[in-house]
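Letters A, B, ... are given to chains in the order of the sequence lines, protein chains preceding strands, and every chain is numbered from 1.
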Amino acid sequence: MQEYLIQQLKGALQKLNYPSIEVQLEKPRIPEHGDVCCTIALSLAKILNKPPREIANEIKNNLILDTSIIKSVEIAGAGFINFNFANSAIINKAKYILELNDLYGKSNIGKNKKTNLEWVSANPTGPLHSGHGRQVCLGGVIANLLEWNGFDVTREYYFNNAGNQMKLLADSIFARYVKLCGGNIHFPENGYQGNYINTIAEEIKIKFGSTISRDHKDENGKPLFQSFGEKWCFQSIQETLHKLNIKHDVFYNEDSLYSSGKIDEVISLLRKKDLVYEEEGALWFRTSKLGIDKDRVIVKSTGEPTYRLPDIAYHQEKFERGFEFLVDIFGADHIATIIDVIAGLEALGYDKSKVKVIIHQMVSFVEGEEVVKMSKRNAKVYTLDELINDVGVDAVFYFFIMRSANTHLEFDISLAKKQSEENPLYYVQYAHARIASILRFAEEEKYFTSPIDILQKSNFELVQKKEEIELMKVLLEFPSIIIQSSEMFEPHRLPTYLKSVAESFHRFYHNNRVMGEEKNTTQARLAICVMTKIVIKNCCKILNVSVPEKM
RNA sequence: GUGCCCGUAGCUCAAUUGGACAGAGCAUCAGCCUUCUAAGCUGAGGGUUGCGCGUUCGAUUCGCGCCGGGCACACCA
């Protein structure tokens, strides 16, 4: 329908000998302004030096439109051209929803582009905490969205199990272990204080007795406290991800960047471009040459690189593995590093438009009036597991995705827990359950309920009511919502859209009885129910939210 | 102090990538169940989009300057 209109508008412009600027259609906010509108007359006004309404009128007079597709054309406001679609056109298009079913909403704008999405990437020093949830969910949904749009997505997790942080983990566990065994040693400064450290220490005590030393080796000859701690933490992280139905394809260890020589390679490449220099025993990256306020150290005087260097090498390595598009998701607290990494990549000759970095703002949790304190300092960490236990997987996804990533998110735990009308998740799920209930009834009454049967055997002429048409219009927006959300990396558009679907459905349901009307009308309305169910189901699938048959 | 993000109804947030009278939910108030799920529907009130300039036919959206909040500013990751 839209393509048709654009063609006709282009034709009219040609006839009028107007410059052929790009014709775009928009969806007006207010329904009275039509199903779609066109602002081309406004854009042309300046070029042609003519009042926009006059231009709009000329365009309108030169349009030849099929009335079975476009019902009406109106000039309004400053020079908007508003169009209304004919019901028959809407109905015909809506039939595709039944035909496509599980595939409805998919596109191929990604053209199979090899895409790497890296996220979560927490180091194995503890369980995921609730704040990680935002990133976990964002990445999960964005990966799904990209796949729905035809990208070839590899889900990747980058971790570092070397260095000071792991030693600190081991020291922390050992200190707790000694305490459990009746001894007393100083707990490391800045050590990890979570309760899980105790848990790990207890497990070690049970398994290895109470007399092993700090440098006790495991069966592979590695320091036991570190390797045990790492394994424990990684397993915890993976179990949490598993609960959320998140599966990474690749776990990439930072270590391989060193063993493969990638790190040294990056240094020598930067050196060739005169972007590094030595000072006070450290190696500095001349970021000030790249539009950044000051230079940064990339290799400490101890010989260890800072995180920037492996991060640059890692991104380079991803390109070398053949990825055409890299997507990273980071919390706002990483903003400074990303700028350096991108600058580094650009300096090495990579196209920064092939790297998309999504930065999400922090999350605060509230329980009723109370703010849930999250502190790494003390032992009171609200873990992601606890959050999942408190509100369930569906609410975790829905609430984290519901808001735009670049604003601070307030996660209301008590609201997410509530099994009541206040909870926006239920509004959507309830619509699905309602439809499922109607369909169960319809099956008993021997109506067609499968999409294919309905498509072939229903008389769509009988769909005439206002709420029926309005609902179909909303359902027809789905594919473009998916494309927009993906192109803009804004999955929060999905819950917003779902709400409008549920709203239109509930209104339709309230004003029109499905079962019990004349038989053909009943069948036609069942068709609308099935279409709606398909859209809710497909959208929820991307969101990782379940669609209950009963509530 | 410097960089990034945010500021929209009492609260939590939208706003189609610059469009028409800025929209929802919650909360408040008033209605609707003998019928397929009332976790629903209908209506009412509630706003100088933090403030001020500027660009534009047109600004919540873009630019500049203030004010307020968050995050980051290590030879930590």
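The backbone N or O of H33(A) lies less than 3.5 Å from a partner atom in the side chain of N82(A), making a donor-acceptor pair. Side-chain atoms of Q523(A) come within 3.5 Å of backbone N or O of F448(A) as a donor-acceptor pair. Side chain of Q165(A) to backbone of N160(A): a donor-acceptor contact under 3.5 angstrom is found.
Glycosidic torsion of C73(B) falls outside 90° of 0, placing the base in anti. Nucleotide U17(B) carries a syn base; the chi torsion (O4'-C1'-N9-C4 or O4'-C1'-N1-C2) is within 90° of 0.
For S437(A), taking side-chain heavy atoms from C-beta onward, the closest of the listed nucleotides U37(B), A22(B), G40(B) is U37(B). In this structure, the nucleotide among G19(B), C75(B), C26(B) sitting nearest to the side chain of E422(A) is C26(B). Picking from U37(B), C57(B), G25(B) the nucleotide with the shortest atom distance to the side chain of K499(A) gives G25(B). For M488(A), the listed nucleotide lying nearest its side chain is U17(B); candidates were U42(B), A77(B), U17(B). The side chain of R507(A) has C41(B) as its nearest neighbour among C36(B), G19(B), C41(B). In the set C73(B), C57(B), A72(B), the nucleotide with an atom closest to the side chain of K294(A) is C73(B). Each of U56(B), C36(B), C75(B) was ranked by its minimum atom distance to the side chain of T306(A); first place goes to C75(B). Looking at the side chain of E254(A), the nearest of the listed nucleotides A77(B), C41(B), A72(B) is A77(B). Looking at the side chain of A332(A), the nearest of the listed nucleotides A15(B), C36(B), C71(B) is C71(B). In this structure, the nucleotide among A39(B), U16(B), A77(B) sitting nearest to the side chain of Y426(A) is A39(B).
Per the geometry, CD belonging to E503(A) stands 12 Å off C1' belonging to A14(B), to the nearest Å. Atom C1' of nucleotide A14(B) and atom CD1 of I481(A) are separated by 12 Å, given to the nearest angstrom. What separates CZ of F80(A) from P of G18(B) is a distance of 14 Å, to the nearest Å. Atom-to-atom, CD1 of I81(A) to P of G19(B) comes out at 17 Å; the value is rounded to the nearest Å. Whole-Å rounding puts the L425(A) CG to G40(B) C1' distance at 16 Å. A15(B) atom C1' lies 9 Å from atom CZ of R493(A), rounded to whole Å. G23(B) atom C1' lies 18 Å from atom OH of Y497(A), rounded to whole Å. At whole-Å resolution of the value, CD in E304(A) and P in A74(B) are 18 Å apart.
Counting non-hydrogen atoms under 4.0 angstrom, E487(A) reaches nothing in the nucleic acid. Within the 4.0 angstrom heavy-atom criterion, no nucleotide atom of any strand lies near A442(A). Counting non-hydrogen atoms under 4.0 angstrom, E549(A) reaches a base of the nucleic acid. Heavy atoms of D340(A) sit nowhere under 4.0 angstrom from any nucleic acid atom. Using a 4.0 Å heavy-atom criterion, one finds that A282(A) contacts the bases of the nucleic acid, with or without backbone contacts as well. No engagement by D295(A) is indicated, since no non-hydrogen atom pair under 4.0 Å with the nucleic acid exists.
In terms of phosphate contacts, Y307(A) brings no side-chain nitrogen or oxygen within less than 4.0 Å of OP1 or OP2 of A74(B). Phosphate proximity of A38(B) to R434(A): present, with a side-chain N or O under 4.0 Å from OP1 or OP2. Within the 4.0 Å cut-off from OP1 or OP2 of C36(B), not a single side-chain nitrogen or oxygen of R440(A) is found.
More than 12 heavy atoms of other residues, nucleotides or ligands sit less than 6.0 Å from atom NZ of K537(A). The number of heavy atoms from other shown groups lying within 6.0 Å of NZ (K417(A)) is above 12. The environment of E279(A) atom CD is dense: over 12 non-hydrogen atoms of other residues, nucleotides or ligands sit within 6.0 angstrom.
Separating the C1' atom of G45(B) from that of C26(B) is a span of 15 Å, rounded to the nearest Å. Taking atom C1' in both A14(B) and G47(B), one finds a spacing of 15 Å when rounded to whole Å. When the C1' atom is used for both G54(B) and C13(B), the distance is 30 Å, rounded to whole Å. Using P as the reference atom, U61(B) and U49(B) are 10 Å apart when rounded to the nearest Å. Using P as the reference atom, A74(B) and G69(B) are 22 Å apart when rounded to the nearest Å. Going from the C1' atom of G46(B) to that of C53(B) covers 30 Å, rounded to whole Å. The same atom, P, is picked in C6(B) and in A44(B); the two are 34 Å apart, to the nearest Å. Atom name C1', nucleotides A77(B) and A72(B): the rounded distance is 14 Å, in whole Å.
The nucleotide A59(B) finds no pairing partner, because no Watson-Crick or G-U wobble arrangement with both distances shorter than 3.5 Å includes it. The partner of U8(B) is absent, by the rule that a Watson-Crick or G-U pair needs both atom distances under 3.5 Å. Under the Watson-Crick or G-U wobble criterion, with both distances below 3.5 Å, A72(B) is paired with U2(B). Searching all strands for a Watson-Crick or G-U wobble partner of C33(B) with both distances below 3.5 Å returns nothing. Pair check for G65(B) finds C51(B); Watson-Crick or G-U wobble, both atom distances under 3.5 Å.
For A405(A) and D333(A), each mapped to the nucleotide of RNA chain B holding its nearest heavy atom, the one lying further toward the 5' end belongs to A405(A). Toward the 5' end of RNA chain B, the nearer of the two residues Y427(A) and R513(A), judged by each one's closest nucleotide, is R513(A).
Of the charged side-chain nitrogens involved, none lies within less than 4.0 Å of a carboxylate oxygen, so that R440(A) and E444(A) do not count as a salt-bridged pair. Salt bridge annotation for K318(A)-E156(A): absent, with no cationic side-chain nitrogen under 4.0 angstrom from a carboxylate oxygen. Here R525(A) does not pair with E518(A) in a salt bridge; the nearest charged N to carboxylate O distance is not below 4.0 Å.
Aromatic stacking of H33(A) on A20(B): satisfied, with centres closer than 5.5 Å and planes within an angle under 30 degrees.
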So which protein nitrogen or oxygen atoms get under 3.5 Å of nucleotides 4-13 of chain B's nitrogens or oxygens?
{"unit_1": "C5(B)", "atom_1": "O2'", "unit_2": "Q361(A)", "atom_2": "NE2", "d": "3.2"}
{"unit_1": "C5(B)", "atom_1": "O2'", "unit_2": "N406(A)", "atom_2": "O", "d": "2.8"}
{"unit_1": "C6(B)", "atom_1": "OP1", "unit_2": "N406(A)", "atom_2": "ND2", "d": "3.2"}
{"unit_1": "U12(B)", "atom_1": "O2'", "unit_2": "R403(A)", "atom_2": "NH2", "d": "3.3"}
{"unit_1": "C13(B)", "atom_1": "OP1", "unit_2": "H408(A)", "atom_2": "O", "d": "3.2"}
{"unit_1": "C13(B)", "atom_1": "OP1", "unit_2": "E410(A)", "atom_2": "N", "d": "3.0"}
{"unit_1": "C13(B)", "atom_1": "O2'", "unit_2": "R403(A)", "atom_2": "NH1", "d": "2.4"}

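K50(A) pairs by the salt bridge (Lys or Arg N to Asp or Glu O under 4.0 Å) definition with E58(A), not counting sequence neighbours. Take K262(A) and apply the side chain to side chain contact (heavy atoms under 4.5 Å, CB included) test, not counting sequence neighbours, and it matches L257(A), S260(A), E265(A), A313(A), Q316(A), E317(A), E320(A).
Aromatic ring orientation, F399(A) versus F411(A): tilted (interplanar angle from 30° to 60°).
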